[in-house]
Amino acid sequence: MGTSVPIDDSLSSQCFTPNSICYTTNNNINADEIPTIDYSVLFSSDPNIQAKALDYLSTACHNYGFFYLVNHGVPEYVFKSVFKAISDYFEPTVVEDRMKYQKKSSTDMIRWELRSSAAENREYLKMVTHPNYHSPSNQTTFSETMEDYYTRMREVVHGLGKAISKTLGMEESFIEKAFKLESGFDVSAMNLYPPNFKSKGSMGVPDHTDPGFFVSLIQDINGGLQILSHQGKWIDVNYMPSNAILINTGDHLEILSNGKYKSHVHRVVVDNNNVKRVSVATLHGPSLDAFVKPAPEFLDDALPPNYDGATYKHYLEANGQHLIDVQSNIQQFRHN
Ligand SMILES: O=C(O)CCC(=O)C(=O)O
Ligand SMILES: [Fe+2]
């Protein structure tokens with residue numbers, strides 16, 4: 001990361017007040033910029049405004065695969081409480097408490113790891129947060145704070161399900177039905193960079209895409225996350241507006257849309273042990289029993305299905321992994 005850039009409050013006040021229409025003035029997005037989507041405008045009662053907002057969302061999904069979401073309804077105090085709860089949880093002196101969630105059984109719904117190697121440098125806690133919420137039983141404040149955040153995020157999952165369905169030219173319940181979102185399988189990773197035992201290299205998390213509908217990411221400080229654009233250029237996520245949520249579309253939107261909306265490679269670099277960064281990356285997936293395949297509406301003679309269908313559970317376990325690993329296996333399901 002080298003430099004870390006404080007979260008920029010001025011960006012949000014300049015551009016993202018509820019009535020400012022960033023998406024109309026910013027249609028020629030600079031290739032290095034990450035598009036910003038105003039969530040509230042996607043549901044505007046004015047059909048013209050809503051159509052323009054959906055148009056912009058479609059560009060963001062098609063040309064980028066990631067965007068900042070603002071005016072999403074999750075209040076600022078929730079973000080502050082989440083970062084405090086996670087920082088307290090990762091308190092270095094009580095690491096023994098966390099170790100009991102180290103990999104033990106294939107049915108674990110909570111997993112703690114401390115990775116400190118040339119390949120990966122982070123401490124993380126992963127929890128299955130939906131359809132059933134799991135959290136460490138002896139951490140009441142932490143568990144309640146995080147549950148509040150995840151419950152609010154479920155509203156956003158359903159909202160983006162509707163909006164993104166429309167951008168695909170489908171009825172608004174299309175994604176909801178295809179992914180059985182009501183029982184969608186969510187796994188959240190709370191990450192601390194560098195880990196308390198210091199990094200042993202510059203890689204926080206190596207290059208990867210994520211499975212699922214999309215990943216929502218929040219962070220307490222800018223700097224470290226990089227996304228590979230369609231043009232093959234690494235973009236630094238350095239100017240995330242305060243209280244924004246970074247949305248990164250996942251493998252299953254790619255499969256469902258037969259490659260129209262692609263999931264994007266990203267990574268985290270941490271070459272500076274002086275800067276502490278906390279992030280929460282939540283993978284919002286289809287239901288484990290949802291069979292996801294390219295929808296017929298995205299197929300024709302010139303565009304046959306480019307992915308094999310599978311249940312989400314089968315997809316996640318295809319490489320012998322445990323569900324909570326939520327690793328991408330898209331190369332096994334993609335034809336070319
Ligand atoms: O911490 C971050 O910025 C991203 C983490 C990530 O990509 C993941 O957990 O899948
Ligand atoms: Fe990721």
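Just follow the structure's listing: the first ligand is 1, and inside any ligand the first atom is 1. Computed from a prediction, not measured in an experiment: that's the story for all the values here. Positions are given from 1 along the sequence.
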Numbering as shown, the atoms of ligand 1 that approach [X] to under 4.0 Å (heavy-atom distance):
X	answer
A281	8 (C), 9 (O)
N191	1 (O), 5 (C), 9 (O)
H266	7 (O)
D210	10 (O)
V268	1 (O), 2 (C), 3 (O), 4 (C)

key: Min heavy-atom dist Y124 to ligand 1 below 4.0 Å   = no
Any Q219 heavy atom less than 4.0 Å to ligand 1 = no
Below 6.0 angstrom between ring centroids: does that apply to [X] and [Y]?
X	Y	result
Y89	F142	yes
F213	H252	no
H284	H130	no

Can you tell me the protein heavy atom closest to [atom] and the distance?
atom	result
atom 5 (C) of ligand 1	Y193 OH, 3.6 Å
atom 3 (O) of ligand 1	R277 NH2, 2.8 Å
atom 10 (O) of ligand 1	H208 NE2, 3.1 Å
atom 9 (O) of ligand 1	R122 NH1, 3.5 Å

request  = Under the side-chain hydrogen bond (donor to acceptor under 3.5 Å, both in side chains) rule, what do K276 and S87 come out as? Steps first, then yes or no, please.
outcome  = CA-CA 10 Å; K276 174 186 149 212; S87 294; 3.2 Å; yes
query = With side chains defined as the heavy atoms from C-beta onward, is the minimum distance between K162 and E176 less than 4.5 Å?
reply = no
message = In terms of relative ring orientation, are Y150 and Y133 parallel, tilted or perpendicular, with 30° and 60° separating the classes?
response = tilted
ask   = Side chain, backbone, both or neither: which part of V215 comes within less than 4.0 Å of ligand 1 when only heavy atoms are counted?
value = neither
request  = Rounded to the nearest 10 degrees, what's the angle OD2 of D210 makes with NE2 of H208 at the Fe ion (ligand 2)? Could you check?
outcome  = 110°
Lys NZ or Arg CZ of K177 over F179 ring: under 6.0 Å, within 45° = no
task = Determine the minimum heavy-atom distance between S188 and T129, stating which atoms define it.
result = CB-CG2, 4.0 Å
query = Would D186 and R154 pass as an ion pair if we require N to O under 4.0 Å?
reply = yes
